[in-house]
Structure formats: C-alpha cells, structure tokens
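Worksheet: the structure to be examined is printed underneath.
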Amino acid sequence: MAAAVRTRIAPSPTGDPHVGTAYVALFNYALARQHGGRFVLRIEDTDRERSSSEAETMIFDALRWLGLEWDEGPDVGGPHGPYRQSERTEIYREHAERLVAAGAAYPCFCTRERLEELRAEQKASKGRFGYDRRCRAVDPAEAARRRAAGEEHVIRLAMPTDGEIVVADLLRGEVRFAAEQIDDQVLIKSDGYPTYHLANVVDDHLMEISHVIRAEEWISSLPKHLRLYQAFGWRPPVFCHLPLLRNPDTSKISKRKNPVSLNYYRRAGFLPEAVLNYLALMGWAMPDERDQFTLDEFVAALDLAKISLGGPVFDLARLAWLNGRYIRDLSPEGLVERLRAELLGDRHLLAVARLAHERVETLADFVPYAGYFFSGDLAPDEAALGGMVMRGRTAQETARALREVLSEALDPILDWTAATVETALRDFCARHDIKPKELFMPIRIATTGRTATPPLFDTMAVLGKEICRRRLGLAADALGAVKA
RNA sequence: GACCCCAUCGUCUAGUCAGGUCUAGGACACCAGCCUUUCACGCUGGCGACGCGGGUUCAAAUCCCGCUGGGGUCACCA
C-alpha cells in the first residue's frame, strides 16, 4: 500500500502574503486532496529579524480567503506540532548535534569578518565562491572545548568534497551536481536558530511529508537537502520544483514590477476562485484545455507530471478577463453579496463614512465624493501628472522619489494605520531633506487622483497599503514615461 | 563569473515522453465585423509561434549535439 500523501506549504512570515505562496500552496493542496491526504501549513519563522506575527496572520487570512484550508497548522493543531519553527528550536539543535557526533557536521568558529574577507578575495580572484572549510580541520575534541568555553560559532554541514551528487526532481528527472562546488551550509546560526535548510529537512521528515512541492529557486540547494537526508539516514520525499512566476519582462516576479501581495488582489476586487483558477493555469492546463474550472475540478484533474517548465509570465489582463467571467457567472444577487462581503462591506463603508460625512451635503454626494475609495487602479491623466511633479524637480525625479517612498517608507509597514503611515512618511522627508508639503501633494494625487481629499494619512489608511502601493507605483511609472 | 534549470504566437498554453494524422490547435491581448439607442457581454473573422545551426531518420515542433537567449542559485534570508 502506498504511503499517505502529505504535502505542505511552508511560508516565511516576513512580509505581505505573496502570490507565489498561493501558487505553490494550490498545487500542494490539490495533490493532498486528490489522494485523500493531508495538507500542512508550517510557519518558517527562523529569521528572528524579519519574521512578524502580523505577517503570519496575513498569511492565514490570505490562504483562507482563497479557500486553501490546511489540515494541520499552528492555529488548528495536529499530531506533528508545533507547526511554527520558532517553537521547535530544541528539535533542530538536537538533530544538529547528532550530525556533529556522526562527523556529518562540524562547529565553525570563523567570524563574519573573516567570511566577508573571504568573499571579497574570491570575488577579486574570480575563484570558487563559498566557505573554504577551514574549521573542518579543527580537531573535534578541541572544537568541543571551544564550544564549552562559550566561543561563538555556527554548525556547518560537511559536504562530500568529490564525486557527484545526483538528485531527483519529479519534473526534470535526475539533476547532477559536482559535490565540490556545494558549500558547507550553515545549519545552526550563532543565535542558536536553525537555517532554512536544516529546519526544513528535519520538519519535512518529522511531519512525514511525502511530496515537497516548492518553487524552482530551491533546486540548487537540493544537494544539501539530500545530503541531510542521507546523513540522518532518512528516506527523502518526492521533490517537485514548480517554475517561478515571472514579471512581464520575464524576470522572477517582484513587487516592483507586478502586484505580488494577495492583499492587493483581494482589495482590488478579484474573486478568490478566479485567482486560484488563474494560478492553476500557470504551467498547467486541463486535459481539454478548458480555461475556466473550479478548485474541485482542478483537484480531480491535476497531474503534476504535466506541468510545463517555462517560467509563466503573470498577466494581469488575463486574470482580469477570467475574473470577469466569474462575475458574469454570478447572479445579480450573488454579485451584491460579493460586493457586500468586501468592497461595500460595513467595515469599509464605515471607515469611508467617517472621512466623508462632514464633506458631503446630500447622500447622493457620497458616491462621487468617495469614489476612489471603491475603485482599484487609477490611471493618472495629464492634469494629474502635472500636479504630481514636485516643485523644482522634473517628472523623472519625482518618479524616482515616489519609488523611494514606496521601497523605503511604505513597503516595510506591516501594521498599516494613519499613524504608522504618517511616521514613515515624515521620517522619509527628514532623511531626504524634503519638505513634507512638497511630497504630500504628489502622494495625495497619486493615491486618490484628487487634489482635495480628507487628511492624507487617514485617507491612505482607509485605502489600504496595497491600493496605495499600486497607485503610487503606477503614478511613478507614468511620471517616468513623461518626456523630459 | 561558476553551477543548475528552461526554450511553440506579444502573453498563457495543447502537441514533445511512445517522430508521420501539425499547411502547429485553443485562450488572453490587439484589429475588423455582427448584435445593440450607448457601453459592456456574446458571436464571427483576422493578425500572430516551433530561437539558430548541425546531425539521426523515408519523415523532426517532437530524438541527439552545439550555439544563442531567458531564468535561478552562489548569505549566520527564506
């Protein structure tokens, strides 16, 4: 009897919930459902610097919005918990020690400074990149003494130094790597936390994951992972690396060039079933090439082996078309229901009403006054573009400034409120020696299309991060395209 | 740069594994027409691709090699 199919999605809660996470989750979910198996959600929060609970909550919300329910996870429990890696550090430490005892891993006392120098040298001499394995030569007894004395160190995996490592990928078959070119990966950081590579392998084994379906960017670390399975004496799961979603210019999908936050799609009025359906079309097609189908139909028809490997360009226009079909399939009553669920829900309506109620005279003024709170992308016209150009600067310079506002001030905000936005924006002005006045009008016009609006930060708070980011990005693009 | 992956219309793809039925099919976008008081939907039609060069074969989009191109990875981030 075949072993149970167990799949997982293992996102890192370090930012906004990513469309790539949904893409990978979809295929994992579908495979598990197809085989009556289990779909696990595991939070990989081993980067103490960047992980946050806000980001984790957003991942839960986004996945649930899409309807990709998990059977085991941090919030629903399960027999293989805990499902948050930060709560499993003892397990990783124990496993790392096992490897050290077996000689498959070793403590490394090299300082960050030395590693940086090493990298610089290697770069200059165009030599091989990676750690030079110096600490591998340290006598184990001496290493143990130094560790006991509290000397700062990491634990590294001892990779074979010659021969070939052959890994198997469900879609690509055997892939070969020369062992010597694989780095001695850090397994345990000096803060005692594991790196992805260790935690991931240990957990996939302990959680009895049968199929690891993840993005292609991981394929080059597969030799390390395989080595870990061997060193532990475990049977590796089936690996299946999905192609990477792409920007229109075919680079790996990024927020600079494409909306990547699932929050954007939700807020911009995309239906979850349409988003899922569209994602299923990335690298895969129904046997009859039908382009509209339900999640259940996908679950029934999915054949992993039929995934095509060319990186699919994420095309908003095609998603919008699909979304339109789903909307047309709704009854008018159904449409109203959907509208009330999100865009015209009491929550959003009330937030807008708070800003609009002293600025309208009749109820009928409300819709035209507050229209931009209920729409998605804004296409700035010439007048708007003119109004956006900052005093004493060119359109291009303004575009650059707006992009910096995005990446430096706005993107990092996970707790999006009028207060956090205001602080971020004022800090930005101070840092760049810009008068707030000069920056705020362009932002106002970019985010609302108007020169007169309720207070900017309140307005941006109600608009939400994703709508603001997209409108600012679009405005920057339009300004950048203005002939100097 | 090194290593790895990939390669069909602008985009998503079917066809490639088991070579002939492929003068390469469908969808998005675009263009035109029809429907229609308008717009949209819908319908019909059009534009549009096997990256290049060698092989193997009676026959290659399909198999092999090289080139070119694109992408990813080379962190005490995942």
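Below, each value reflects all heavy atoms present in this structure, side chains not excepted, and no hydrogens, waters or symmetry copies. First the proteins, then the strands, lettered A, B, ... as listed; each starts at 1.
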### P gap between B/U62 and B/U23, integer Å
14 Å
### Query
Does A/Asn277 reach the main-chain N or O of A/Asp291 with its side chain, forming a donor-acceptor pair under 3.5 Å?
yes
### Side chain of A/His197 (C-beta onward), nearest among B/A78, B/C28, B/C6
B/A78
### Task
Report the nucleotide, chosen from B/U11, B/C76, B/A78, that has the shortest atom-to-atom distance to any side-chain atom of A/Val313.
B/U11
### Message
Rounded to whole Å, how long is the line connecting atom OH of A/Tyr131 with atom C1' of B/C74?
### Response
17 Å
### Task
Please list, by residue number, the residues of residues 41-63 of chain A whose heavy atoms come closer than 4.0 Å to an atom of RNA chain B; answer none if no residue qualifies.
A/Glu44, A/Thr46, A/Asp47, A/Arg50
### Message
Return the pairing partner of B/G33 with a 3.5 Å limit on both distances, Watson-Crick or G-U wobble; otherwise return none.
### Response
B/C43
## Note on the structure
Looking only at B/C76, B/C28, B/C4, the nucleotide nearest the A/Asp315 side chain is B/C28
### Query
Contact class for A/Gly324 vs. all strands (heavy atom < 4.0 Å): base, sugar-phosphate, or nothing?
nothing
### Query
Do the side-chain N or O atoms of A/Lys224 get closer than 4.0 angstrom to the phosphate oxygens (OP1, OP2) of B/A78?
no
### Task
With the side chain of A/Ser220 defined as its heavy atoms from C-beta on, choose the nearest nucleotide among B/U73, B/G26, B/C76.
B/U73
### Message
Let's see if you can work this out: which of B/C5, B/A14, B/C12 has an atom nearest to the side-chain heavy atoms of A/Ala285?
### Response
B/A14
### Message
Both A/Gly311 and A/His153 contact RNA chain B. Which one's nearest nucleotide lies toward the 5' end?
### Response
A/Gly311
### Message
I need the residues from residues 83-113 of chain A with at least one non-hydrogen atom less than 4.0 Å from RNA chain B; give them sorted by number, or say none.
### Response
A/Cys110, A/Arg112
### Query
Going by the angle between their ring planes, with limits at 30° and 60°, are A/Tyr131 and A/Tyr106 parallel, tilted or perpendicular?
parallel
### Separation of atom CZ in A/Arg172 from atom P in B/G72, rounded to whole Å
14 Å
### Message
A/Trp284 vs A/Phe27, test: ring-ring contact (aromatic ring centres under 6.0 Å, His included). Steps then yes/no.
### Response
CA-CA 10 Å; A/Trp284 191 82; A/Phe27 283 78; 7.3 Å; no
### Query
Is any NZ, NE, NH1 or NH2 atom of the basic residue among A/Arg338 and A/Glu273 found under 4.0 Å from an Asp or Glu carboxylate oxygen of the other?
yes
### Query
Among B/A78, B/C41, B/C6, which nucleotide sits nearest the side chain of A/Ser12?
B/A78
### Salt-bridge criterion met for A/Arg318 and A/Asp315 (N-O under 4.0 Å)
no
### Query
If only atom types and distance count, is the side chain of A/Arg88 paired as donor or acceptor with the main-chain N or O of A/Pro82 below 3.5 Å?
yes
### Query
How far does the P atom of B/G26 sit from the matching atom of B/C67, given to the nearest Å?
37 Å
### Query
So, are A/Arg8 and A/Glu44 salt-bridged, with charged N and O less than 4.0 Å apart?
no
### Message
Does this structure show an ion pair linking A/Arg290 with A/Asp288, if we count only N-O contacts that are shorter than 4.0 Å?
### Response
yes
### Summary
As its Watson-Crick or G-U partner within any shown strand, both distances under 3.5 Å, B/C74 has B/G1
### Message
Would you measure the distance from the P atom in B/G25 across to the matching atom in B/G48 and give it in whole Å?
### Response
12 Å
### Task
Determine, stepwise, if the pair A/Asp249 / A/Ser251 fulfils side-chain hydrogen bond (donor to acceptor under 3.5 Å, both in side chains).
CA-CA 6 Å; A/Asp249 66 3; A/Ser251 56; 2.6 Å; yes
### Query
Looking for any heavy atom pair under 4.0 Å, which part of the strands does A/Ser308 touch: base, sugar-phosphate only, or nothing?
sugar-phosphate
### Query
When rounded to the nearest Å, what value does the distance between P atoms of B/A29 and B/C41 take?
8 Å
### Query
Can you tell me how far C1' in B/C28 sits from the matching atom in B/C64, rounded to whole Å?
36 Å
### Query
With sugar-phosphate meaning primed atoms plus P, OP1 and OP2, does A/Tyr278 contact a base, only sugar-phosphate, or nothing at under 4.0 Å between heavy atoms?
nothing
### Message
For a quick check, tell me whether the side chain of A/Ser190 and the base of B/C76 share a donor-acceptor pair closer than 3.5 Å.
### Response
yes
### Query
Is any side-chain N of the basic residue among A/Asp477 and A/Lys257 closer than 4.0 Å to the acidic one's carboxylate O?
no
### Message
When the P atoms of B/G42 and B/G55 are compared, how many Å lie between them, rounded to an integer?
### Response
50 Å
#### Entry: Rounded distance in Å - CD (A/Glu180) to P (B/C3)
10 Å
### Task
Report the distance from atom CG of A/Leu279 to atom P of B/C28, rounded to the nearest whole Å.
19 Å
### Donor-acceptor contact below 3.5 Å, side chain A/Asp303 vs main chain A/Ala305
yes
### Task
Pick base, sugar-phosphate or nothing for A/Thr250, based on heavy-atom distances below 4.0 Å to the nucleic acid.
sugar-phosphate
#### Entry: Between C1' of B/C41 and CG of A/Leu330, the distance in whole Å
15 Å
### Query
Would you call the rings of A/Trp70 and A/Phe60 parallel, tilted or perpendicular, where under 30° means parallel and over 60° means perpendicular?
tilted
### Query
Using a cut-off of less than 4.0 Å, is there contact between a side-chain N or O of A/Arg119 and OP1 or OP2 of B/C76?
yes
### Query
Could A/Glu97 and A/Arg147 be called an ion pair, given the rule that one side-chain N must be under 4.0 Å from one carboxylate O?
yes
### Task
Quick one: label A/Val186 by what it contacts on the DNA or RNA (base, sugar-phosphate, nothing), any heavy atom closer than 4.0 Å.
sugar-phosphate
### Query
Taking only N and O in the side chain of A/Lys189, is any of them less than 4.0 Å away from OP1 or OP2 of B/C77?
yes
### Message
Does B/G70 have its OP1 or OP2 closer than 4.0 Å to a side-chain nitrogen or oxygen of A/Lys252?
### Response
no
### Query
Which listed nucleotide (B/G26, B/G15, B/C6) is nearest to the side chain of A/Glu289?
B/G26
### Task
Walk me through it: do A/Asp45 and A/Tyr193 pass the test side-chain hydrogen bond (donor to acceptor under 3.5 Å, both in side chains)?
CA-CA 10 Å; A/Asp45 55 349; A/Tyr193 273 62; over 6 Å; no
#### Entry: A/Leu198 CG to B/A75 C1', straight-line distance once rounded to whole Å
16 Å
### Query
For the pair made of CD in A/Gln292 and C1' in B/C28, what is the distance, rounded to whole Å?
14 Å
### Message
When the C1' atoms of B/A78 and B/G70 are compared, how many Å lie between them, rounded to an integer?
### Response
24 Å
#### Entry: Gap in Å between the two P atoms, one belonging to B/A7 and one to B/G15, rounded
13 Å
### Query
What about A/Glu217, does its side chain sit under 3.5 Å from the base of B/G71 through a donor-acceptor pair?
no
### Query
Rounded to whole angstrom units, what separation is found between the CD atom of A/Glu121 and the C1' atom of B/G1?
17 Å
#### Entry: side-chain hydrogen bond (donor to acceptor under 3.5 Å, both in side chains) partner of A/Glu72, chosen from A/Arg42, A/Arg6, A/His80
A/Arg6
### Task
Pull out every residue in residues 236-248 of chain A that has a heavy atom closer than 4.0 Å to any atom of RNA chain B, ordered by number, or say none.
A/Leu244, A/Arg246
### Query
Watson-Crick or G-U wobble partner for B/A7, using a 3.5 Å limit on both distances?
B/U68
### Message
Quick test of your reading of the model: are A/Asp204 and A/Arg214 salt-bridged, counting only N-O distances below 4.0 Å?
### Response
no
